[in-house]
Amino acid sequence: MAAFAAALRRAQRLVDDPDGTVWYGARRIFAFALMIRGGIPADDVEPYLHARVWLTDAARLLDLTPEALAAGLVTTMLGSGAVVLRDGRLHAAADHTPVPAESLRVPYPRAWPISEPR
């Protein structure tokens, strides 16, 4: 019951603070991207973020430019310790299991061959 009550409080905070919710989502998406990619070279992080549609949408919702949101995202996450700079790459600081690079080279479902019914 305590876990449910905590989840309900967390959900209410997100409802009560739409801008905070957008920031929360952007931080989560960026952290997961870092996990999936095994980090991103520091010099490539902002261009990577600028090319993401989710960042453009989040920036619009926050009334920011994508460039301002990307810079703020990197700065706040570095400052909080959520991401770390290691060997010239930004990495998610949370414990995670790295994703093998070959698993990212899978075509989108629309490119999958059509299978015949059995």
Side-chain angles (χ1 to χ4, degrees):
M1 198 63 160
F4 179 74
L8 190 57
R9 284 191 303 275
R10 190 169 40 253
Q12 190 60 53
R13 278 195 311 268
L14 295 175
V15 169
D16 293 342
D17 181 10
D19 285 359
T21 301
V22 174
W23 274 102
Y24 173 81
R27 289 189 307 266
R28 294 291 295 248
I29 293 168
F30 181 46
F32 286 132
L34 292 172
M35 289 176 190
I36 290 168
R37 298 176 185 296
I40 296 175
D43 291 341
D44 296 341
V45 168
E46 288 197 26
Y48 167 83
L49 288 170
H50 297 165
R52 310 279 67 89
V53 174
W54 63 262
L55 184 102
T56 302
D57 288 345
R60 182 181 46 77
L61 291 169
L62 294 168
D63 200 26
L64 296 171
T65 65
E67 295 78 14
L69 178 55
L73 194 57
V74 172
T75 300
T76 59
M77 291 182 75
L78 277 168
S80 72
V83 299
V84 294
L85 182 61
R86 189 172 58 238
D87 300 324
R89 296 174 72 85
L90 279 184
H91 294 270
D95 287 335
H96 62 281
T97 302
V99 176
E102 61 273 4
S103 63
L104 296 176
R105 291 188 279 278
V106 176
Y108 288 108
R110 67 178 169 262
W112 294 354
I114 296 173
S115 61
E116 297 296 322
R118 293 181 187 200

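Only this structure's heavy atoms are used, side chains among them; waters, hydrogens and symmetry mates stay out.
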Under a side-chain separation threshold of 4.5 Å, the hydrophobic residues clustered together with Leu14 are Tyr24
d(Glu46 CD, Ile40 CD1) to nearest 0.5 Å is 11.5 Å
In terms of heavy-atom contacts, Pro98 and His96 come closest through CD-O, 3.6 Å
side-chain hydrogen bond (donor to acceptor under 3.5 Å, both in side chains) filter on Asp63, not counting sequence neighbours, yields none
Going by heavy atoms in the side chains, are Leu55 and Leu73 under 4.5 Å from each other?
yes
Those residues at least two apart in sequence (or on a different chain) that pass side-chain hydrogen bond (donor to acceptor under 3.5 Å, both in side chains) with Arg52 are none
Does some side-chain heavy atom of Arg9 sit less than 4.5 Å from a side-chain heavy atom of Gln12?
no
Sorted by chain and residue number, the side chain to side chain contact (heavy atoms under 4.5 Å, CB included) partners of Pro107 (sequence neighbours excluded) come out as Ala111, Trp112
Practice task
Report yes if some heavy atom in the side chain of Val83 is under 4.5 Å from a heavy atom in the side chain of Val74; otherwise report no.
Solution key: no
Members sharing Leu8's hydrophobic cluster, built from side-chain contacts under 4.5 Å between Ile, Leu, Val, Met, Phe, Trp and Tyr, are Phe4
CG of Leu34 to CD1 of Ile29, rounded to nearest 0.5 Å, is 12.0 Å
Can you check whether Leu90 reaches Leu78 side chain to side chain, under 4.5 Å on heavy atoms?
yes
Residues passing the side chain to side chain contact (heavy atoms under 4.5 Å, CB included) test with Leu62, sequence neighbours excluded, are Asp19, Val22, Trp23, Leu64, Leu69
Between Gly88 and Leu85, the two heavy atoms sitting closest are C-CD1, 3.9 Å
When every non-hydrogen atom of Gly81 is compared with those of Ala93, the smallest separation belongs to O-CB, 3.0 Å
Hits for side chain to side chain contact (heavy atoms under 4.5 Å, CB included) against Glu116, two or more places apart or cross-chain, chain-then-number order -> none
Exercise for the section: Please say whether the positively charged group of Arg27, taken as NZ for Lys or CZ for Arg, lies over the ring of Phe30, i.e. under 6.0 angstrom from the six-membered ring centre and within 45 degrees of the axis. Expected result: no
For residues 33-45, the side chain to side chain donor-acceptor pair (under 3.5 Å) pairs (sequence neighbours left out) are Arg37-Tyr48
Residues at least two apart in sequence or cross-chain that pass side chain to side chain contact (heavy atoms under 4.5 Å, CB included) with Ala31, listed by chain then number, are Met77
Joining Ile, Leu, Val, Met, Phe, Trp and Tyr whenever any side-chain heavy atoms lie under 4.5 Å apart, the cluster holding Met35 also takes in Phe32
Residues 72-95 vs side chain to side chain donor-acceptor pair (under 3.5 Å), sequence neighbours excluded, gives Arg86-His91
